[in-house]
Engineer: 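The structure that follows is given in the form of structure tokens.
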Number of protein chains: 2
Amino acid sequence: MLLLGQGEYELLWGDRSRPGRGRPSGLTRERIVAEAVAIADAEGLHKVSMKHLADRLGSGVMSLYRHVPGKDELVILMYDSLMDGPPDLPDADTWRDVLLHWGRTVIGLFRAHPWAITVGTSARTMGPGEAGWVDHVLGRLGALGLPADLGLMAVLTVDCFALGAARPETGGAGSSAEFFSFLADPAAGARFPHLAAVTTASFASEQLLEDYFEFGLQRVLDGLEQYIDARA
Amino acid sequence: MLLLGQGEYELLWGDRSRPGRGRPSGLTRERIVAEAVAIADAEGLHKVSMKHLADRLGSGVMSLYRHVPGKDELVILMYDSLMDGPPDLPDADTWRDVLLHWGRTVIGLFRAHPWAITVGTSARTMGPGEAGWVDHVLGRLGALGLPADLGLMAVLTVDCFALGAARPETGGAGSSAEFFSFLADPAAGARFPHLAAVTTASFASEQLLEDYFEFGLQRVLDGLEQYIDARA
DNA sequence: GATCGATGCGTATGGGATACGCTTTTCAGC
DNA sequence: GCTGAAAAGCGTATCCCATACGCATCGATC
């Protein structure tokens, strides 16, 4: 099936129904996208080449282009496919807990698929998967009494924070020590006195640095709560 | 000058002094990096190719490799070079205002150099430029009475939010309308009822959606303030 | 069974990164 | 000044990648 519009909207939301005529396809967009995600998860996004992908699928390279307009579009579809189906959110009694679980789910997604971080920071059009996820949380938040427009702002805020905190390094252990490894050089300590002082102090409370996502998330929720309470 | 270690640490922090011997270089790493940044700013990161860059510099392609180990490393250097010199922060009387300006400065950087967003979400080692910026804010925060370790956590939190909010689309006008354009289709409205309800409501308070960075930043600062006050 | 329309895919093209090795240039030490 | 070590500059060749084009193939509809 050929895509007519070249915009992302057409790509993500366009009519994908097949006219009855013509040869039915063995390859499907879904298979292609799923395999590409598998490669990206296992070997990194830079290993997702049309050739490698076609080999895995047992097809010719150019066959892929019957189902996907190009490489860039494939990556966009890969991203949206990660959010196919509702997000796995535990039950909660307060909107604050819903947002807490939402934040953890979002960062969990990016930690499981680090290649998606890049896509998330550049996507321009919301796809059906992402729309489904957002719709789902908004439903939960609404049911717990959070006004609609505030709910959207809250979700966007938590989203932004989670996305920004999701740097690949965050996932690994001992990352902060590595991040600040340059301070081992005494000259660097003199060049960056405040930073050196701070990190020396902070290595005592190492926990904080390692868990800065949880720390920040709680702060974000505190801030949202304060704003929403003031509104009520 | 050839780089021995292939790690980012060596790249960013390694000894770059030149032994007296040998031909002095016309090209310098600084010139190369600066030109690459100029290309990325004007034409996008994907237009920064070794060939294009060499042409601009009036040199041969392979000459670049005498000063930079490879393309990936060049991009890392480009990123860090954006933070060469102290950040431009207005004077402020409270640590809250310092953090507010910090957040705006950081997102301003990413809005001015959208290609840097991708790098920021993947960088693993802090370079001298970034260290200088962080050291600078920490100095300001410390002078206004914020304890050192809390300052670092606060800066990291604001950083994460700014980075996550810095999607390229954020800069443009009318982006939220485009982002939700799929809701124009009545079928989508039925499929995503909560989202449809919310956005219909939200388009009344369009301001909020367009300025969600400012909104979120204030919430983050509220949350940090609450936590820090409770500590004191 | 003829036809139309879609699929599968081989080949060719143009670009990109970079390994290798040769040439050129400079300065340290004589 | 001369000489040679050391570093810079860079042309060539190689390999990988995305993708335009066109042809062969296949199935459902008529």
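In what follows, chains are A, B, ... by sequence order, proteins preceding strands, each numbered from 1. In what follows, every heavy atom counts, from backbone to side chain, and hydrogens, waters and symmetry copies are set aside.
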Engineer: Mind checking side-chain hydrogen bond (donor to acceptor under 3.5 Å, both in side chains) for His113(A) and listing every partner two or more places apart, or none if nothing turns up?
Structural biologist: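 For His113(A), the residues satisfying side-chain hydrogen bond (donor to acceptor under 3.5 Å, both in side chains) (neighbours in sequence not counted) are Asp41(A).
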
Engineer: What pairs of donor and acceptor atoms, side-chain ones from residues 182-189 of chain B against any protein atom, are under 3.5 angstrom apart with sequence neighbours left out?
Structural biologist:
residue	atom	partner	partner atom	Å
Asp185(B)	OD1	Ala187(B)	N	2.8

Engineer: Report the residues that fulfil side-chain contact (heavy atoms from CB on, under 4.5 Å) with Arg191(A), sequence neighbours left out, ordered by chain and then residue number.
Structural biologist: Trp13(B), Pro128(B)

Engineer: Would you jot down, in residue-number order, the residues of residues 35-44 of chain B having a non-hydrogen atom under 4.0 Å from DNA chain D?
Structural biologist: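 None, since no heavy atom is under 4.0 Å.
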
Engineer: Can you list everything that forms a side-chain contact (heavy atoms from CB on, under 4.5 Å) with His136(A)? Sequence neighbours excluded, please.
Structural biologist: Pro86(A), Pro87(A), Leu89(A), Arg140(A)

Engineer: Could you tell me the separation between the OG atom of Ser25(B) and the CZ atom of Arg66(B), rounded to the nearest 0.5 Å?
Structural biologist: 11.5 Å

Engineer: Does Lys51(B) have any side-chain hydrogen bond (donor to acceptor under 3.5 Å, both in side chains) partners at least two apart in sequence or in another chain, and if so, which?
Structural biologist: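 Lys51(B) satisfies side-chain hydrogen bond (donor to acceptor under 3.5 Å, both in side chains) with Asp55(B) only.
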
Engineer: Taking only N and O in the side chain of His46(A), is any of them less than 4.0 Å away from OP1 or OP2 of dC17(D)?
Structural biologist: no

Engineer: Give, ordered by number, those residues of residues 48-59 of chain B having at least one heavy-atom distance below 4.0 Å to an atom of DNA chain D; if nothing qualifies, reply none.
Structural biologist: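 Output list: Ser59(B).
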
Engineer: Can you give one letter per nucleotide of nucleotides 20-30 of chain D, 5' to 3': B if a protein heavy atom sits under 4.0 Å from the base, S if only from the sugar-phosphate, - if neither?
Structural biologist: BBB--BBBSS-

Engineer: Please output the side-chain donor-acceptor pairs of residues 154-164 of chain B that fall under 3.5 Å, not counting sequence neighbours, one pair per line with the distance.
Structural biologist:
residue	atom	partner	partner atom	Å
Thr157(B)	OG1	Met153(B)	O	2.7
Asp159(B)	OD1	Trp102(B)	NE1	3.2

Engineer: Sequence neighbours left out, what passes side-chain hydrogen bond (donor to acceptor under 3.5 Å, both in side chains) with Glu130(A)? Give chain and number order.
Structural biologist: none

Engineer: Would you say Ser63(A) reaches dG8(C)'s phosphate, i.e. side-chain N/O to OP1/OP2 under 4.0 Å?
Structural biologist: no

Engineer: Output all residues satisfying side-chain contact (heavy atoms from CB on, under 4.5 Å) with Leu53(B), sequence neighbours left out; order by chain, then residue number.
Structural biologist: Ile32(B), Glu35(B), Ala36(B), Ile39(B), Leu57(B), Leu64(B), Leu74(B)

Engineer: Between Leu64(A) and Lys71(B), which is nearer to the 5' end of DNA chain C once each is assigned its nearest nucleotide?
Structural biologist: Leu64(A)

Engineer: Could you note down all residue pairs passing side chain to side chain donor-acceptor pair (under 3.5 Å) where residues 78-88 of chain B supplies at least one of them, sequence neighbours left out?
Structural biologist: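 Residue pairs passing side chain to side chain donor-acceptor pair (under 3.5 Å), neighbours aside: none found.
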
